[in-house]
Amino acid sequence: MKKIIRLLVITMLMVVFTAGCAKNSEKDTSLDDIKAKGKLVLGLDDAFPPMGFKADNQEIVGFDIDVAREVCKRMGIELMIQPISWDAKELELSTKNIDCIWNGMTYNEDRAKSMTLSIPYMKNTQVAVVLANSDVNSLADLAGKVVAIQNGSTASDAIEANEDFKKSLKELVKVDDNVQALLDLKVSGSDAVVMDEVVARYYTEKEEGTYKILDETLADEDYVVGFRKGDKSLCAEVEKYLKEMAADGTLAKISETWFGKDLTTVE
């Protein structure tokens, strides 16, 4: 009996050891894979100015695009831009249709569980946008009103975190992107849009006299780059060049081009 028990113990230890070795043998080849194919496929919502959007000539441009292109240049690879449905970004990553999500994406715990996230590179806040002639001047004034947000965005998190504000609303409407949300606002499809401040500022300046941003904010956020879960070597390489660009002034220069000042937070 003792021999049988000892044999069973040895067998169990061998199974555990083998499983451990198999686990340890799994290697992160994400950076090597990108270098081998010579390109990084960047997934984005192409209606998210000024981070990444279609210009009048249909070329995709923006702050994030310029930064990513410079990072890829320093890595010695090509940048490929792939528009995606923002609500399906995790699926796009997991199926390897894209290599990263680089498009003013806010850090949150759910995303940290499903992706490998970079260091923050910019601060952002969630704000409410209304028409310039609206009598809404505060978040409290939105009680009983219809508010629109982009589906899959952290505007939803900001509203969920402000329970009293959410309960006060007549309806919360989710649309495909912020451009559509603002168009709906123009035709009175909603009373306000909750969205990223950087995008809101872009539109209020582009269409002066059309919109106004309420002074109160709903949440403070950090923008990060998202990679497939476990793609740590690729993430670290991108972070290395972001830090290098911060040190040599390139990151600040790109920010000044798009925002008129340095809004980046990489150290």
### Qualifying side-chain hydrogen bond (donor to acceptor under 3.5 Å, both in side chains) pairs, either residue in residues 132-143, two or more places apart
Asn137-Lys212, Ser138-Asp141
### Message
Give me each pair satisfying side-chain hydrogen bond (donor to acceptor under 3.5 Å, both in side chains) with a member in residues 38-60, each pair once, sequence neighbours excluded.
### Response
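Qualifying pairs, neighbours excluded: Asp45-Gln150.
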### Message
Between Val127 and Leu218, does the side-chain contact (heavy atoms from CB on, under 4.5 Å) criterion hold? Intermediate values first, please.
### Response
CA-CA 6 Å; Val127 296; Leu218 286 122; over 6 Å; no
Just by distance, with hydrogens left out, do [X] and [Y] show a side-chain donor and acceptor under 3.5 Å apart?
X      : Y      : result
Ser30  : Ser233 : yes
Glu197 : Thr125 : yes
Asp184 : Ser190 : no
Asn151 : Asp87  : yes
Asp66  : Trp258 : yes

### Task
For the pair Tyr121 and Tyr223, name the ring-plane relationship: parallel under 30°, tilted 30 to 60°, perpendicular over 60°.
tilted
### Task
Would you please test Ile65 and Ile81 for side-chain contact (heavy atoms from CB on, under 4.5 Å) and show each step?
CA-CA 8 Å; Ile65 303 303; Ile81 301 170; 3.8 Å; yes
### Task
Test salt bridge (Lys or Arg N to Asp or Glu O under 4.0 Å) on Glu239 and Lys243 and set out the steps.
CA-CA 6 Å; Glu239 288 179 337; Lys243 291 175 182 179; 5.3 Å; no
### Task
Tell me, with the steps shown, if Ile84 and Ile98 meet side-chain contact (heavy atoms from CB on, under 4.5 Å).
CA-CA 9 Å; Ile84 61 171; Ile98 58 175; 4.1 Å; yes
### Task
Given side-chain contact (heavy atoms from CB on, under 4.5 Å), test Arg74 with Thr250 step by step and report yes or no.
CA-CA 12 Å; Arg74 297 186 185 207; Thr250 303; 3.1 Å; yes
### Summary
Hits for salt bridge (charged side-chain N to carboxylate O under 4.0 Å, His left out) against Glu92, two or more places apart or cross-chain, chain-then-number order -> none
Return the [atom1] to [atom2] distance between [X] and [Y], rounded to the nearest 0.5 Å.
X      : Y      : atom1 : atom2 : value
Asp191 : Leu142 : CG    : CG    : 7.0 Å
Arg201 : Met195 : CZ    : CE    : 11.5 Å
Asp164 : Leu169 : CG    : CG    : 11.0 Å

### Asp262 vs Lys253, salt bridge (Lys or Arg N to Asp or Glu O under 4.0 Å): CA-CA, chis, key distance, verdict
CA-CA 7 Å; Asp262 184 14; Lys253 185 177 179 180; over 6 Å; no
If you measure from the Lys or Arg side-chain nitrogens to the Asp or Glu carboxylate oxygens, is any gap between [X] and [Y] under 4.0 Å?
X      : Y      : answer
Lys240 : Glu244 : no
Lys229 : Glu90  : no
Asp99  : Arg228 : yes

### Message
Consider ring pair (Phe, Tyr, Trp, His ring centres under 6.0 Å). Of Phe63, Tyr211, Phe53, Phe48, which one does Tyr202 pass it with?
### Response
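That would be Phe53; it is the only one of Phe63, Tyr211, Phe53, Phe48 passing the ring pair (Phe, Tyr, Trp, His ring centres under 6.0 Å) with Tyr202.
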### Query
NZ of Lys37: more than 12 outside heavy atoms within 6.0 angstrom?
yes
#### Entry: Sole residue of Ile77, Ile34, Val67 in side chain to side chain contact (heavy atoms under 4.5 Å, CB included) with Cys72
Ile77
#### Entry: Qualifying residue, where the test is side chain to side chain donor-acceptor pair (under 3.5 Å) with Gln126 and the options are Asp157, Asn162, Asp220, Asp196
Asp196
### Task
May I have the step-by-step check of salt bridge (Lys or Arg N to Asp or Glu O under 4.0 Å) for Glu160 and Lys166, ending in yes or no?
CA-CA 7 Å; Glu160 291 292 338; Lys166 182 183 178 182; 2.5 Å; yes
